[in-house]
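Step one of this worksheet: look at the structure below.
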Amino acid sequence: MGKVIEIDGLVKRYKELVALDHFNLEIEEGEIFGLLGPNGSGKSTTISCILGLLKYDKGEVKVFGKPMEASSYESKKDIGVVLQNVAVFDELNVEENIDYFCGLYITDKKLRKQYVDEAIEFAGLEEFRKFVPKKLSGGLLRRLNIACGIAHKPKLIFMDEPTVAVDPQSRNKILEGIVELNKKGATIIYTSHYMEEVEQICSRIAIMDQGKNLAIGTKEQLKDMIKTGETIQAEILNLSDDIMEEVKSLPHVYKVEYIDNHLKVHYTKGQRNLVRLIDFFKNKDVQFGRVYSELPTLNDVFLEITGKELRD
Amino acid sequence: MFWHLYKYRLKVLFNEKMLFFWTGIFPIILGTLFYMVFSDITEKSENVSSINVVISTENSDAIVEEIVKSDNSFASFIDSMISEGYFDVDYADYATAKEMLADEKSDGMLLVEPTEKGVASSLVFSKSGMNQTILKYIINTYNQGMMVAEDTAMNAPDRLEAVLAEIYNNENINKNISVTVGDMDPYNQYYFALFAMTCMFGASFGMVNTAHSQADQSSVGMRRAASPTKKMAMVISEYFAAVTITEILFVVLLVYLTAVLGINLGNKYGLILFASVMASLLGVAIGYFFGVVVKGKQAFKDGVMMATILFLNFLAGLMMGNMKYIIEKSCPIVNRINPAAIISDCFYSICVYNDMNLYTRCIVSMGIWTVILAVCSISILRREKYANL
Ligand SMILES: Nc1ncnc2c1ncn2[C@@H]1O[C@H](COP(=O)(O)OP(=O)(O)OP(=O)(O)O)[C@@H](O)[C@H]1O
Ligand SMILES: [Mg+2]
């Protein structure tokens, strides 16, 4: 499989602010690639640069193996974009909007009609064909935004936070749709600051912050990169410092926190950590409430790499 | 591709309700108001009175009456105009005449100077209107006739008598005047001002187009910039869509004024329509220009453009009757280059002034303006990448 996108040493400045700082990225054909980063980390800027819309200061961008310019019309034919801001005409209804944008790519009228119908079905907008965007709910509007971007059956699809402000039901439908598009052969670049979404659908993920690509890999690879292997939390009233110290010396424990009557024990790795901890409490006669174990999330990955939470 | 873009652009612009109101409905409302006010006035002053002319001289010491009398043919021409009821003549010294003109006691000042060949005459106005147009027409006809007569006297003296007879035939002038102005509404200039405004407001449609065409102006602009459709194809098809809409609104206004209200705008519809097409091309180009040159929020751009257009309209006298006249006296170049003045002159030239030279000059000026604005706009619109999104 070939490389669909190659970004090398991309630098983009907005006056003083460095939005992309020597950013590197390679994306293979057939991936659902997740670009995960907090607000302002440079996800949208990256996409605009790849699309050849935004001037950048340094670096190289190749799409389908060719340098991407504003005039790379051949490459653009195979690209679909779902931008962060809904981009549809308020003056046109659902069907007209999809037909309009599809028509920028597909000139054959019959084929276009078929594609438009398929996109409407894909987005579940059958009952809203004649609705103007103003009459659509937020979730439906997002789905229209997606339909407009993918109706022409592109090989490469950019999705910039397509699920922002969408209820869970619509969100799931959108995520399923993305997986379906990928199964039909499209390479997808998906940006989000929701780690759950990214974990759910992406084959590989890049974590970015302040315009830098901090880590890249499958979610398992990313989680392996960090120290945390498991976190166990327990509700305990009035825990003594002595006990705290003893917990710290249990096998594989590297950090212990006690906040608001919650004990949080971080383990590097190891098995049977939970059982061992409960046994320890029983031996020491420590009264405990709920106890639960968590495997590392991408948030832990982000936290460990940047020292801050993914979401503030 | 052209049709796809063109068709959808028509749809989008037709649904721009606010623009539609200002460019389409508002002129119709204004036209109706004019109609109601003017038909009232016309009824009250049924007999259109004769034109008040004050005859004076600027550079000669002789008494004005004497100068006129010194040229037999000129004197009898003036006499016949008085007896036919066209003119109401006063004789006055220059200062008094100017005052009468300024006080609008007089529609026009006819300045006479004795020369070797007879009396040379020239007209001075303080405003433009139906009476001024007729006066200008009559004096021009006379002057042209005299030139023909002179020419004939030199080259074909045997036909002189016939030619002179023709010149003194007032019926002839009479007929020509009615062909020129017909039984046209004396307030037609207001309707033509309305035409000029409608075409100028086509600029709003051009402005919308630029917002939708630039990736840094709108999200649809961004989506379109990411598509493989060439920018030029978009700009051209959408420009013509905006012109089409402006022209449709213009025709609706024209049909409404003539067919529904029954206003007589003369019969030169071909010229009116051609002028409106040229004016719409210019109007929309103005919108494109402001759309790409002015930086800032959409409301700010709209504001700057509308303020400029209204100011140009003001200078062109579309709001205050004699503004254009004042400028013509003090700084005529402004009227030659002000698009609003050019457009309104073009419409006036058809029926009010009845001046084909002026018409042609205005059409050419509009063409030049359109090309300049279009070239500027396109060179900016074509810009391929944006520094900010
Ligand atoms: N036009 C602009 N002018 C100045 N700064 C900008 C501009 N666009 C973006 N930035 C800055 O560049 C940085 C990256 O922005 P970008 O929109 O790419 O972030 P993002 O990761 O997409 O964030 P979000 O999750 O909020 O969409 C931010 O700090 C932002 O403030
Ligand atoms: Mg973004």
Side-chain angles (χ1 to χ4, degrees), chain A residues 12-15 17 19 44-45 47-57 61 68-93 96-97 99-107 109 112 132-134 145 148-149 152 154 156 158 160, chain B residues 1-21 204-205 207-238 241-242 245 298 379-389:
Chain A
K12 168 67 190 173
R13 286 197 193 89
Y14 291 112
K15 301 215 175 86
L17 186 123
S44 302
T45 304
I47 290 186
S48 298
C49 288
I50 302 176
L51 290 172
L53 301 177
L54 195 60
K55 278 187 196 139
Y56 44 82
D57 299 274
V61 176
M68 188 67 182
E69 298 297 338
S71 56
S72 305
Y73 297 117
E74 278 308 311
S75 300
K76 284 184 176 182
K77 275 183 191 164
D78 292 322
I79 296 177
V81 289
V82 178
L83 300 165
Q84 184 167 9
N85 297 320
V86 173
V88 297
F89 285 110
D90 293 335
E91 299 85 354
L92 302 179
N93 66 31
E96 289 165 341
N97 261 305
D99 185 52
Y100 176 81
F101 288 108
C102 189
L104 299 180
Y105 299 79
I106 308 286
T107 43
K109 268 195 171 167
R112 191 163 83 226
V132 288
K134 274 215 177 67
N145 192 37
C148 290
H152 58 286
L156 172 61
F158 291 88
D160 197 356
Chain B
M1 188 51 80
F2 180 88
W3 286 111
H4 180 76
L5 295 167
Y6 181 80
K7 184 185 87 182
Y8 273 111
R9 184 59 17 186
L10 287 184
K11 263 194 187 160
V12 168
L13 294 179
F14 262 116
N15 284 314
E16 291 279 345
K17 302 259 159 36
M18 276 306 280
L19 292 192
F20 221 79
F21 176 79
S204 314
F205 294 119
M207 174 71 93
V208 172
N209 283 0
T210 61
H212 289 167
S213 298
Q214 292 170 282
D216 56 355
Q217 296 289 312
S218 64
S219 47
V220 284
M222 207 158 148
R223 202 197 268 285
R224 292 186 338 151
S227 83
T229 304
K230 297 202 170 75
K231 197 64 152 289
M232 279 303 278
M234 282 191 200
V235 172
I236 290 170
S237 48
E238 297 185 344
I245 299 246
Q298 193 55 44
S379 65
I380 298 175
L381 273 175
R382 285 193 53 169
R383 175 185 52 183
E384 302 205 305
K385 282 188 182 182
Y386 298 81
N388 284 291
L389 287 178

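The chains referred to below are lettered A, B, ... by the order of the sequence lines, with proteins before strands, and numbering in each begins at 1.
- Highest contact tally toward chain B, considering only A:Cys148, A:Ser48, A:Ala19, is held by A:Cys148 [criterion: heavy-atom pairs under 4.5 Å].
- Proximity to chain B is absent for every atom of A:Val132, based on heavy atoms less than 4.5 angstrom apart.
- Neither the backbone nor the side chain of A:Phe158 comes within less than 4.5 Å of any heavy atom in chain B.
- In terms of heavy-atom pairs under 4.5 Å with chain A, the best-connected choice from B:Ala387, B:Ser218, B:Ser219, B:Pro228 is B:Pro228.
- For the pair A:Asp78 and A:Leu156, the minimum side-chain heavy-atom distance is 4.5 Å or more.
- Looking at A:Leu104 and B:Leu5, their side chains come closer than 4.5 Å, going by heavy atoms from C-beta outward.
- In this structure, B:Lys231 and B:Ser213 approach most closely via the heavy-atom pair CE-O, 3.1 Å.
- By number of non-hydrogen pairs under 4.5 angstrom with chain B, the leading residue of A:Tyr73, A:Tyr56, A:Tyr14 is A:Tyr73.
- When all heavy atoms of A:Asp160 and A:Ser44 are compared, the closest pair comes out as OD2-OG, 2.6 Å.
- B:His212 and A:Phe89 have perpendicular rings, their planes meeting at more than 60° on a 0 to 90° scale where under 30° would count as parallel.
- For a residue to count as touching a neighbouring chain, one of its non-hydrogen atoms must lie under 4.5 Å from one of that chain's; by this rule B:Arg382 does not touch chain A.
- The contact between A:Lys12 and chain B is made entirely by side chain atoms (from C-beta outward), counting heavy-atom distances below 4.5 Å.
- A:Tyr100 and B:Arg224 form a side-chain donor-acceptor contact under 3.5 Å, judged by distance and modelled atom types alone.
- Summarising the geometry of B:Ala211 relative to B:Gln298, their closest heavy-atom pair is CB-OE1, 3.6 Å, with the distance given to 0.1 Å.
- Counting heavy-atom pairs closer than 4.5 Å to chain B, the top-ranked of the candidates A:Leu53, A:Leu92, A:Val81 is A:Leu53.
- In terms of heavy-atom pairs under 4.5 angstrom with chain B, the leader among A:Lys109, A:His152, A:Glu91, A:Lys77 is A:Glu91.
- With a 4.5 angstrom heavy-atom cutoff, B:Lys17 does not touch chain A via any of its atoms.
- Inspection of the B:Tyr8 and A:Asp99 side chains reveals an N or O donor paired with an N or O acceptor under 3.5 Å.
- Between B:Lys11 and A:Glu96 there is a salt bridge, since a side-chain N of the basic residue sits under 4.0 Å from a carboxylate O of the acidic one.
- Of all the listed residues (A:Ala70, A:Gly80, A:Ala87), the one sharing the greatest number of non-hydrogen pairs under 4.5 Å with chain B is A:Ala87.
- Per-residue counts of heavy-atom pairs under 4.5 Å with chain B were compared for A:Ile79, A:Asn85, A:Leu54, A:Leu83; the largest is that of A:Leu54.
- With a 4.5 angstrom heavy-atom cutoff, A:Asn145 touches chain B via backbone and side-chain atoms both.
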